[in-house]
Amino acid sequence: MKEYLLILVGTVFVNNIVMTKILGLCPFMGVSKKLETSLGMGAATTFVLTLASASSYLINHYLLGPELAYLTTLSFIVVIAGIVQFTEMVIQKTSPVLHQVLGIYLPLITTNCAVLGIPLLNVQENHNFIESIFFGLGGALGFTLVMVLFAGMRERMEGADVPEVFKGSAIAMVTAGLMSLAFMGFSGLIK
Amino acid sequence: MLAALLAMSAIAIVLGAVLGYSAIKFRVDGNPLADKIDAVLPQTQCGQCGYPGCRPYADAIANGEADINLCPPGGEEGIQKLAELLGVEPKPFGSDAQPKPKSVAFIDENTCIGCTLCIQACPVDAISGAAKQMHTIIAAECTGCELCLPPCPVDCISMLPLEENVANWKWKYPVYALRPSK
Amino acid sequence: MAAFFSPFLSKPDTVSRIMLQVLLALLPGIAMYVWYFGPAILVSISLASITALGTEALMLKLRDRPVAPFLKDHSALLTGWLLALSIPPLAPWWLVVVGTAFCIVVAKHLYGGLGNNLFNPAMVGFAVLIISFPAQMTQWISPHGLGQIELTFADQLRYMFLGILPPNVTLDAITMATPLDTLKTHLHLDEPIRQILDMPIYGRLAGQGSEMVSWGFLAGGLYLMARRIISWHIPLAYLGTIFAMAGIFHLADPAHYVTPLFHWFSGAAMLGAFFILTDPVSSPTTHHGKLIFAAGAGLITYLIRAFGGFPDGTAFATLLMNICVPLIVLYTQPKIFGRKGRKP
Amino acid sequence: MSALFKFHGGVHPPTHKTESTATPITRLPLPARLVVPFRQHAGDAAIPIVKPGDHVLKGQLIGEPQGFVSSAVHAPTSGVIEFIGPHPVAHPSGLPDICAVLIPDGKESWIEKVSVDYRNTPIAGLREHLRMAGIVGLGGAVFPSDIKLRPLRGHSIQNIEVLILNGAECEPYITCDDMLMRERAAEVVRGGEILRFMLGAGKVLIGIEDNKPEAIAAMRAAVQAEGLPFEVAEIPTLYPSGSAKQLIRVLTGREVPSGELPTDIGVQSFNVATAYSVARCFEQGEPMLSRIVTVTGNVTQPRNYEVLLGTPIADLLAHSEPKTDTRGYLMGGPMMGTPLPSTDVPLVKASNCFIAMSDALFPAPPATLPCIRCGRCADACPADLQPMDLYWFARAKDFGKTQSYHLFDCIECGACAYVCPSHIPLVQYYRFAKSEIRAREQDKLSADRARERHEYREFRMEREKREKEEKLRAKERAAQATKPAATGEVPTASDAAAEAQRKIQDALAQAKAQAAEAQPRNTENLTPEQLAEIAEIEARRARIRELAKSDVEAPKE
């Protein structure tokens, strides 16, 4: 059980997929204007990612096997698209407000490189079923945590006296850069 | 090669089934967004946005036909609220639709001939009067939409901007020199 | 002009006086530093100050803001000093200049100048330097009396500015790793703590000279708390968490984990607790928020020191907790008057 | 002595009270002219019921209250109303307001004063009497006192346990309540008893800051003399302990819940000057015509005056001889007061103090720097708010956020701006944000009303259209029912054309017949002269027809 926790904590803090692996930047930049939207987006991405890493393991292990390995990326994308579409319908039904506020970024989860990246990493480091789920969950929670923190910072920066040239996404990029600088402090924490 | 096709089609079939089922189960209709947009609009029903009133403009924005900066009475904060609601970038006003200070219509009583054309034109029934009787505008109800100006045959209606008095005076945004006062 | 709205009375205190107090509070630590490590630090502090003021003036000119009031508020000076104190005194001159310039320009003025920055400028500079120039950042000099070759002040200056060493002296001879660094390297070699601590570099509590410098910063910090410039919440929570964590690990496995006091008086713990974490702009404003912020920083500092890749985690802990400040403040809002539900 | 409680924060500005308490209250001689504004109280302005040129007696009603939250306005002395119209008033906006200018005749002839035995008059009658006597809170809010005495919504009688008389007067420089308590404690205490009786309150606490020992002694002596079970509590000097919510917390330990009224927790508070004017109103039958005012600051004779309402400030200040280096005047205290646009403004019920400002007493603060979030304002805020966050979002005009940080719980006491090391005019930002939010809520209300009216109009148009159609169809059905009985077959298109033609002919014939009958009337029984005259006119008409004909032909050749 210890190594599962280690994977989980590892992917949330040490090698955070947004901060150290620099994956999933477009929703990270696009949705983090407001706290509620980033929470919603985080929840949606966690839901999709956990399902995706679970189903990608099953597909890779049982359906494709070694000789069809070249199909992994293709099949993963199809599965992820299916799951995202399913999630969009669930969200539209349960909370139309969140669906409207997330807007275009909800279907965009399909193209989120983190959502495809993590299953591929799972395959690369051939995690077993439980490990890949924890890895997916950890990656998504790391993504959500960092995006919510980033949304908090951006909401406070709204009122800052930022020079005209840097207003909006420019200062957001700088802040994201400094955030990943800070996350480098964790490097080496987990061997 | 055959196995690959089989595998992919298997995935496709499974996903198709799941999505088809959930499409039926999670059907949703109606568009609650239009009501929310209508709640933000200033309800002057003035038509300056090109739509016959606020509700049609709200529906137009909801299904994406209309832009959010066509409502001068809503002013700057109107666009801000619409942008926040729709999660888009707030756009400044176009050159034609500049917001004007809030004003109220006023009927010059010596030229009014009591033809009731303005009464029929007023979207919020803010003009009291009858055929051949004197007409007057209920200042409290008038939204300043200027729809009563064109139909008046004798042009006796003029728009008076609301002047500041002790009751509706507002504290101003504090301005202070960054340099020391001396 | 500002006196045209009520209230027309105000306390005579000003931002520059507050920052001045903090600068004064740094002096005991700097005195110890000079006493034990020689006057080289004064050179880098003055270099940092000149760069800080120069960059600040330049940025203010670019944003056509009045330069005088902002220069007199000493906030840029404080950032410069904190950065100079956290990098090796014998580091080449351009290291201090680049670091300070980066702090003032990127970490402070890009966000809008005084009061708008989200990260602690000094620590941003330190993090950039330690990641971009790891070699120069480990050239710490040894305290007096450790038998190392003593460079005269002139030699030190020549090395800092020209990079020339006296004829028969190699770089390794005059520099050494920080006590924390040597501890980590030797721990990796699985040597027991007792044996490591017998090395000449270690004094009674921690590093030979650096523990005295930490005492200096502790004295300065207590002065600040006495003058109510900083509140007790952040230092207490930060040092408390480090003490607790170190205590637990030390009790669990004394052979591999040093005593809490060692952690207190080594590296930038004291400097961080009283001067870096308590930067009012980048730390939370609510009392509970300060406690959570400092406790988190303490936890991360200990984790990086005990398990991480860098010798001292204070800088990264500060930056990581600065990221969480807006959220911490959002969720630790105190109950306002009339919402406390207090019925006597 | 009941236990005292503390509230969070508060500041200790230098009090400067001793200057103006040296000399007793002085009565000001009658000024040359009085300017009485009709909006001297919270709520809607009073409606003038006198015309220029009327002669009024001292104490005569000149302005009727209008609406629920309003109060009356009276003539401060006997004289002639010279003019009713806009006149500069002491308002931060500097805008004029409707005032009555009264020229005193010097006789000070009173109206017939009727004292009221409050013990056996119905409470509602007493409240109406207070409203028509223009009694309003003199602590600074000038809220009509009769509304504060009204039983809580839904309750028949008041369930007030504690009545508090607020003599704290925590603002620096102001000493009008202090001098009032020292010299007229008896009437203040009797006024307190009247208020206690009207509220049915069990206990009465009088809160006075401990920097006013003489006032405390005087009030205790008066309570003793009147034999009333009141308790004079000596509270620690701390600004803003005089604010109602904070004083209630200090004296009773209860916190008025945010957004609610003190009466919701069984407490009600009145300023001591209000109690005094209630006593004068019932015992001497005098409406509120004058008040105690402190004139202090950069003047040679700082002291308190009893001044008629409407006295121009210039006259009042002249008595205290302001020094030459005075650069401006302030109404109210230095923490919450407003700068006077000019001294040609009248004294109103809310003006408790005038301060002459000089650079020595009120030095210009150093340059304003950005907020460094040092947290001192949060430690000083008596409402436990986070002023730096409120400032941050008010400056960014993000009013939704300011409300989520409880902007409307801010009592604008100025403690935060007082301790701010960057000297930011924080209260000004909060006032700006509050004004904007109130204006937007007002717009929202009128927008909703406009939508309702628009939707009703649409509905009415639909209904009218439907009714018209039904009427039309009904008429057609009725017309249909009668016509087929006569012709039996369906008229073809050509028949229809012939039908129309026939109709036109009939109409033409009828018109010609009418023209023929139209004889010139009244041609019989005319006198000979009239007949001659008609003949001459006929002749002239004939000649004109000739000329007209010739002209018409002339151009043709």
Side-chain angles (χ1 to χ4, degrees), chain C residues 1-19 21 65-66 68-70 72-73 75 78 111-117 228-231 233 278-287 289-290 325-326 329-330 332-344, chain D residues 5 7-8 11 13-14 172 245-246 249 252-260 265 330 332-339 357 362-376 378 382-386 388-389 405-406 409 414-415 417-425 427-428 431:
Chain C
M1 184 46 199
F4 196 66
F5 325 106
S6 72
F8 296 93
L9 295 178
S10 63
K11 264 190 168 166
D13 212 346
T14 62
V15 173
S16 55
R17 194 169 298 170
I18 293 175
M19 298 291 181
Q21 295 289 333
R65 290 279 160 76
F70 287 98
K72 282 211 290 290
D73 71 17
S75 58
L78 184 59
Y111 285 91
L114 177 67
N116 294 298
N117 50 325
R228 302 183 66 80
I229 305 281
I230 55 173
S231 71
H233 298 87
T278 56
D279 163 37
V281 176
S282 55
S283 63
T285 46
T286 56
H287 292 314
K290 285 185 190 312
V325 160
V329 168
L330 195 64
T332 58
Q333 287 292 316
K335 282 220 170 342
I336 64 161
F337 185 91
R339 285 237 165 81
K340 296 191 174 74
R342 252 194 310 217
K343 286 277 181 294
Chain D
F5 299 82
F7 60 86
H8 174 265
V11 288
K245 287 187 177 183
Q246 274 60 33
R249 164 72 190 153
T252 64
R254 297 182 197 173
E255 274 188 14
V256 177
S258 156
E260 289 179 30
I265 53 167
L330 201 55
M335 297 298 280
M336 289 181 78
T338 58
M357 294 198 289
F362 295 92
T368 303
L369 282 173
C371 157
I372 59 166
R373 304 173 67 79
C374 60
R376 293 181 179 196
D384 285 75
L385 299 174
Q386 296 293 315
M388 76 293 284
D389 291 331
Y405 280 90
H406 315 298
D409 284 277
Y418 176 74
V419 294
C420 173
S422 296
H423 300 287
I424 302 169
V427 186
Q428 196 59 13
R431 287 191 184 121

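Residue numbering restarts at 1 for every chain, and letters A, B, ... go by the order of the sequence lines. Just so it is clear, the structure is predicted and the values come from calculations on it, not from any experiment. Because only heavy atoms are used, hydrogens play no part in the values below, and waters and symmetry mates are left out as well, while side chains stay in.
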Measure the spacing between OG of D:Ser422 and CG of C:Asp13 and express it to the nearest 0.5 Å. 10.0 Å
Suppose we screen for salt bridge (Lys or Arg N to Asp or Glu O under 4.0 Å). Which residues come up paired with D:Asp384, at least two apart in sequence or across chains? C:Lys340
Out of curiosity, C:Met19 CE to D:Cys374 SG, how far, rounded to the nearest 0.5 Å? 9.0 Å
If you round to the nearest 0.5 Å, how far is CD1 of C:Ile336 from OG of D:Ser258? 4.5 Å
So which part of D:Met388 gets closer than 4.5 Å to some heavy atom of chain C, the side chain, the backbone, both or neither? side chain
Does any heavy atom of chain C fall under 4.5 Å from the side chain of D:Ile424, the backbone, both, or neither of them? neither
How many angstroms lie between CG in C:Leu114 and CG in D:Leu369, if you round to the nearest 0.5 Å? 6.5 Å
Which residues satisfy the salt bridge (Lys or Arg N to Asp or Glu O under 4.0 Å) test with C:Asp73, sequence neighbours excluded? none
Considering only heavy atoms, which portion of D:Pro382 lies under 4.5 Å from any heavy atom of chain C: side chain, backbone, both, or neither? backbone
Answer key: most heavy-atom pairs under 4.5 Å with chain C among D:Ala417, D:Ala383, D:Pro13 is D:Ala383
Which portion of D:His8 sits near chain C, non-hydrogen atoms under 4.5 angstrom: neither
Taking the side chain as C-beta and beyond, is there a heavy-atom pair between D:His406 and C:Gln333 under 4.5 Å? no
A side-chain contact here means heavy atoms from C-beta on lying under 4.5 Å apart; do D:Arg373 and C:Ser283 qualify? no
C:Ser75 side chain near D:Ile372 side chain, heavy-atom distance below 4.5 Å: no
